[in-house]
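Below: the structure, in structure tokens.
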Amino acid sequence: MHNFEFVKPSTIADAIKALSAEGAQPLSGGQTLLPTMKQRLAAPDVLVSLTGISEMQGVCMGDGGLHIGAATPHAVVARDAARHYPALAALAGGIGDPAVRNRGTIGGSIANNDPAACYPSAVLASGATVVTSQRRIAADDYFQGMFTTALEEGEFVTEVVFPIPERAAYVKFNQPASRFALTGVFVAKFADGVRVAVTGASNNGVFRWTEAEDALSADFSAGAIAGLTVAADDMISDLHGSAAYRANLVKVLTGRAVTAAR
Amino acid sequence: MPKDTGIGASTKRREDIRFLTGKGVYTDDLSLFGQAHAVMVRSTVAHGRIVSIDTSEAAGMPGVLAVFTGEDFKEVGGNPAGWFIKSRNGEPMREPKRPVLAHGKVRHVGDAYACVVAETYAQAKDAAQVLADAAVIEELPAIIDMKAAAADASNRVHDEIPDNICFDWGWIEDNRAAVDAAMKAAPHVVTLELTNNRLVPNAMEPRASIGEYFPGTGDYKLTTTSQNPHLTRLLICAFVMGIPENKLQVVAPDVGGGFGSKIYHYGEEAVVLAAARKLGRPVRWTAERTESFLSDAHGRDHVTKIELGCTKEGDILAIRTETLANVGAYLSNFSTATPTFLHGTLMAGPYKVPHVYVNVKTIFTNTAPVDAYRGAGRPEATYSIERVIDKMCRELNLDPFEVRRRNLLTPDQFPYTTPVGLVYDTGNYQATLDKAIELGDVAGFEARRAESAKRGKLRGMGLSTWIEACGIAPSHLVGVLGSRVGLYDAATVRVNATGTISVMTGAHSHGQGHETVFPQIVAEKLGIPESSVEIVHGDTAKIPFGMGSYGSRSLAVAGSAMDRAIDKIIAKGKKIAAHMLEAAEGDITFADGKFSVAGTDKAKSFGEIAFSAYVPHNYPLETLEPGLEETAFYDPGNFTYPAGAYICEVEVDPDTGKVDVVSFTAADDFGNVMNPMIVEGQVHGGVGQGIGQALCENTSYDENGQLLTGSFMDYAMPRADDVPFYTVDHSCATPCTHNPLGVKGCGEAGAIGSPPAVVNAVIDALHRGGITHVTHIDMPVSPNRVWQAING
Amino acid sequence: MTKVTMTVNGTPVSAEAEGRTLLVNFLREGLGLTGTHVGCDTSQCGACVVHVDGKAVKSCTVFAMDVAGSDVRTIEGMANADGSLGVVQQAFQDHHGLQCGFCTPGMVMSSAALLAENPRPTESEIRHYLEGNICRCTGYHNIVKAVLAASGQDAGAMAAE
Ligand SMILES: Cc1cc2nc3c(=O)[nH]c(=O)nc-3n(C[C@H](O)[C@H](O)[C@H](O)COP(=O)(O)OP(=O)(O)OC[C@H]3O[C@@H](n4cnc5c(N)ncnc54)[C@H](O)[C@@H]3O)c2cc1C
Ligand code: FES
Ligand code: FES
């Protein structure tokens, strides 16, 4: 691993300053960035730890729904969001393993936008707002394909605001080795319609399955999607699952998520 | 009442205390004054010609102390193959040289061709990157697929081996015509093509080595993650570096698992010794897990066609197999034994099969070397046999339990000479089968299946009855079979003056619990507390000799050596007692820790005898030597033959293809059991690995020879939530007839018997669920594969 | 190099570290606490798990500087004050929850973290909680039993021998 300068600001303002330096990169829980640096796939000159910024920590209800600080670890979301948004809390509680959940954060997860990550599906299916050091970005505009987001150089996520659906569930099918989502589906039923977001499956990263949304908005039952087919064309095909297999999982897991939604 | 001490007691492990408190000392835990750090430079291409390696920039980097390439080791010998195999046409196997560091060519991704030594690990790592960038390696087409490798004479892993075939072996060649005839005459023939998936052993401790050189004496010391330090010393001294054996001490301290991968000598061990000598400083190397994936010897990787001829009632008449076995790019030390004598000789299973013929072609490819992994050859044989029998049952609509019973050897048939060259000494295969049926509650299966069905799951049950040959190994037999080493073991029992005992054993414990179990045996035999006995292992300077631990041999071979040495101690003790008690030696008896004169109350305790041995004030020195220390070498008369019956139940989710193992029952015959707790733990571990092989583990190279499963991100290790509690039993014991402890060995059993039980259960679940077109799914039976098979 | 200070097993300690010094290296090389192991380079195996401010953390996946000032507990700090094995350690020995011992420090630390959160976990909760700790030796059977036993439950009754 290349060496770097380590800084740990305690306010967002200081973090903005620190991140304007040449070669600076944010560090949140490090559960993705550290393994990447060990492989020498990332080599920042300055690492700016966001974990000491109290404004970016915690879960609370507020304007527009549930606010989650970007540096809030998965384990805290799993515990503190349970009352407000059980499906989201359950998703957080199913990421990786306990040690990963104690460090890994929502901000790091959605900034990285791994095509197999769990959180992006919740953010997209909830129609959440990603709040950054500079602006507010709607979920539909934020995710732009695998490992790609709307974030600009030096911009970082400070908070995510989740509208709370009437019912929702996330169903994840583990990739057998890494235990990331081989495919994961988040279904959220709002008063004005259903949103379905799929992670792990597509070459274009997290996506909304709009046919299912339409069908489920008309009839929120697993049977409503029985007649739909999922095209395998854009699906990821790898050692752990062919494109056709993932396409099948999208449908199976969506049905299960609808049944599990509460 | 279970015993609470001695043979048969579940004595808690004494070594646990240090492991549980963080005080174990594994190789990488050592920190030596003045140590330097080595980093290997590994090929990123599967096959390439080394055009040039410009080391100058790396050598000039901060902290860099030395740079080594293959050129530096050109003059030294190569790492040899331990078994010599002849092809069926009489030709010797092809044996390419395996250099310490690749030179001329690199032959697999991860093949080390240089090494950088620096003051710190980070400096070495930085310089290794620079060196790699400066090396010019012309990429050649990779040879990955075994069939293609054997078919294409133009593309060669080793330039001198035209068809990439190491050998083409027939077992037993003289029986081939008879087997062919029996197969032809059989009323029914079942054919199955299957793959025994390539596995990465993945002991949790990555390999590590520290070399030291003492210029004052010219002595070397190697501390290394080894299952057999003596063998490593032998290989380094006799074949690779030419250091006299009395100038090299090899120490294997606490070792974090081996499973075969730490039997072999690896080039890094020679490099750190050479570097230590050059620099006059300790030089250490520790593998990153990624390096382990690339450079540890892998296991299995067979493609087999098996045919089974039988009657319509399910009597097995003949078995014939054709196997392609991948050895990878180089011959690892036991790689030629694994697909041959550890595989072909087991192809009759525990059955009375009159005719068996095995053909194995071993192929070089541009992949990591393949060698023995837990079970080694025997899991491959068992899997082939037990899967084809399962297929036979389905084709002929026979009950798999009844078919096993029909064909299993019966207790009156022992000793039994198999058609593939082994003599099974004893066993009771019906008993373990009955036990498994009872413990696995086969009678209650239908109710459980109905309950699963209610939840939308397909439940199935799979059986395997297996046997293995272990207690490796009788030298006289393996010598005939091509082994270049003897496979005896040795022990020294040293009774100290105050009556405590040190046992120097050639076995090496890296999880098996020798430090606890061996003292149980000593204590039982000498009538002293277990706590008075200490086991010394893993150090060539302290131990007479030994071949280490693998092949379920520790107790059967090294334990037997210890047993013999204890007998010698008792004999010597009798001499001393006779002198002290002024009686004839023939009148002295030893029992309960006391030497007594028969028919009198005159006696000396073991402690008194020991003390006297070291304070020989009035010994008749012409006839009685002071001291109480004995060494024995033990070479077994035969292999040992543990056997058992395994029943697995699975639930299959038909929509996703996911398989859950919901119950697993193992009824084994290990002969006498010294410590039931440890034996059960060995079975749990083996079964866990077997379930891993069956359901999730796989090593996959792409067509360019890049390892697609090069980390735990893609190589699926079984986790705690992938497996159930196992039910294990070893009560159906038929003691081994030819070793003094009557033990058979239990280390590999679980990994041998379990994979076919799991796969048979999956196929059973599908069939019971009406999905009858699926006759076989290759391991690992992953969700994707199961779904594919269902929908194919 | 900068001096990094934290509390380890109840004792304030400090040692030199670079930005890139991982907590596990700080412990092993800086402080000589080699009980914490490294079994992988992709944050998967859990051999390196320690507690940071009471929470299980993979010490190979956190920089020492990022946890400066924290309260760290390692396997070396799990025994009772008199040196006897702590409850989880003792249960591992009693139930043969370890073989080669390499995964053991991480297993014990994860198990202790589980029991702190959930004093009477079910078999399934234990298995899920230990998902991030790979053991190659035990097939997990006796580890799960040990954790059940450490929580005061009758492990023998729940797991067939
Ligand atoms: C063993 C293991 C299992 C895992 N399993 C899962 C799983 O099942 N599902 C899943 O979804 N994830 C999984 N993960 C990933 C885990 O959730 C990570 O924590 C997460 O992806 C990244 O969060 P982090 O806080 O650790 O980010 P870091 O690693 O600190 O950062 C990740 C990237 O995001 C950038 N970054 C961090 N914070 C911000 C911010 N606030 N604004 C802008 N950029 C930022 C960093 O510069 C870096 O490029 C797993 C990880 C491991 C090690
Ligand atoms: S060393 Fe493997 S997870 Fe930390
Ligand atoms: S005890 Fe060896 S890896 Fe767990």
Side-chain angles (χ1 to χ4, degrees), chain B residues 10 12-13 15-26 28-31 122 201-206 254-259 286 288-290 439 510-513 677-678 680-689 691 711-713 717-723 725-729 750, chain C residues 18 20 28-29 32-42 44-45 47 74-79 83 85-86 89-90 92-105 108 123-124 126-145 158-161:
Chain B
S10 283
K12 288 181 205 169
R13 299 201 326 168
E15 51 269 65
D16 287 358
I17 307 288
R18 69 175 186 274
F19 296 140
L20 281 164
T21 52
K23 297 196 183 86
V25 181
Y26 301 85
D28 189 62
D29 296 342
L30 293 164
S31 183
N202 275 325
M204 289 318 296
E205 180 203 22
D254 287 331
V255 172
F259 314 110
T286 300
E288 295 179 350
R289 176 61 58 185
T290 307
L439 293 174
H510 35 278
Q512 299 89 338
M677 174 190 84
I678 286 178
E680 286 158 19
Q682 290 294 307
V683 177
H684 298 154
V687 170
Q689 287 179 335
I691 293 175
S711 79
F712 294 137
M713 293 288 279
M717 294 285 280
R719 314 280 182 113
D721 58 355
D722 288 323
V723 293
F725 279 131
Y726 320 106
T727 304
V728 306
D729 176 89
Chain C
E18 295 180 315
R20 63 180 161 182
R28 287 178 59 83
E29 288 150 32
L33 295 173
T34 55
T36 301
H37 296 156
V38 176
C40 75
D41 43 16
T42 53
Q44 238 91 28
C45 76
T74 71
I75 189 70
E76 287 91 346
M78 294 301 283
L85 296 181
Q89 293 168 316
Q90 188 61 57
F92 269 68
Q93 191 198 22
D94 290 348
H95 295 276
H96 190 27
L98 63 152
Q99 291 182 22
C100 78
F102 199 79
C103 73
T104 307
V108 168
E123 178 203 340
S124 146
I126 295 168
R127 290 187 184 276
H128 284 295
Y129 199 94
L130 296 179
E131 184 180 351
N133 292 83
I134 303 178
C135 174
R136 194 51 149 171
C137 296
T138 63
Y140 303 103
H141 183 106
N142 285 336
I143 291 175
V144 178
K145 263 177 79 173
M158 301 180 72
E161 288 300 316

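Computed from a predicted structure; not experimentally measured. First the proteins, then the strands, lettered A, B, ... as listed; each starts at 1.
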- Sidechain N-carboxylate O distance under 4.0 Å for B:Asp722, C:Arg127: no
- Item | Under 4.5 Å from a heavy atom of chain C, the part of B:Thr290 involved | both
- Note on the structure: Scored by heavy-atom pairs under 4.5 Å with chain B, the best of C:Gly139, C:Cys100, C:Gly35 is C:Cys100
- Query: So, for B:Arg13 and C:His96, which heavy atoms are closest and what is the spacing to 0.1 Å?
  - Reply: CD-CE1, 3.7 Å
- Item | Best-contacting candidate, B:Ser31, B:Gly257, B:Gly681, against chain C by heavy atom pairs under 4.5 angstrom | B:Gly681
- Message: So does B:His510 get a backbone contact from the side chain of B:Gln512, meaning a donor-acceptor N/O pair under 3.5 Å?
- Response: yes
- Message: Does any part of the side chain of B:Phe19, heavy atoms only, come nearer than 4.5 Å to the side chain of C:Cys103, both counted from C-beta?
- Response: no
- Can you find a pair of side-chain heavy atoms, one from C:Arg136 and one from B:Pro718, that are under 4.5 Å apart? yes
- Which atoms of C:His37 come close to chain B, meaning under 4.5 Å heavy atom to heavy atom: side chain ones, backbone ones, both, or neither? side chain
- Message: Less than 4.5 Å to any heavy atom of chain B: does that hold for the side chain of C:Ile134, its backbone, both, or neither?
- Response: both
- Which atoms of B:Leu30 approach chain C - backbone, side chain, both or neither, heavy atom under 4.5 Å: neither
- Item | Proximity breakdown for C:Glu123 and chain B, heavy-atom pairs closer than 4.5 Å | side chain
- Item | Interface moiety of B:Glu15 toward chain C, non-hydrogen atoms closer than 4.5 Å | neither
- Evaluate the ring planes of C:His141 and B:His684, with Trp represented by its six-membered ring, and classify them as parallel (under 30°), tilted (30 to 60°) or perpendicular (over 60°). parallel
- Task: Could you look at B:Met713 and say if it's the side chain, the backbone, both or neither that has a heavy atom under 4.5 Å from chain C?
- Result: both
- Quick one: of C:Leu85, C:Leu98, C:Thr42, C:Thr74, who has the most non-hydrogen atom pairs under 4.5 Å with chain B? C:Leu98
- Heavy-atom pair of closest approach, residues C:His128 and B:Asp721: ND1-OD2, 3.2 Å
- Can you name the residues that form a salt bridge (charged side-chain N to carboxylate O under 4.0 Å, His left out) with B:Asp254, not counting sequence neighbours? B:Arg18
- Largest heavy-atom contact set with chain C, pairs under 4.5 Å, which of B:Ala122, B:Gly511, B:Gly22: B:Gly511
- Message: Suppose we screen for side-chain hydrogen bond (donor to acceptor under 3.5 Å, both in side chains). Which residues come up paired with C:Asp94, at least two apart in sequence or across chains?
- Response: B:Lys12, C:Gln90
- Item | chain B contact via C:Thr104 - side chain, backbone, both or neither, heavy atoms under 4.5 Å | side chain
- Task: Sort out for me which of B:Asn202, B:Val25, B:Val687 touches chain C most, counting heavy-atom pairs under 4.5 Å.
- Result: B:Asn202
- Item | Contacting moiety of B:Tyr26, where chain C heavy atoms sit under 4.5 Å | side chain
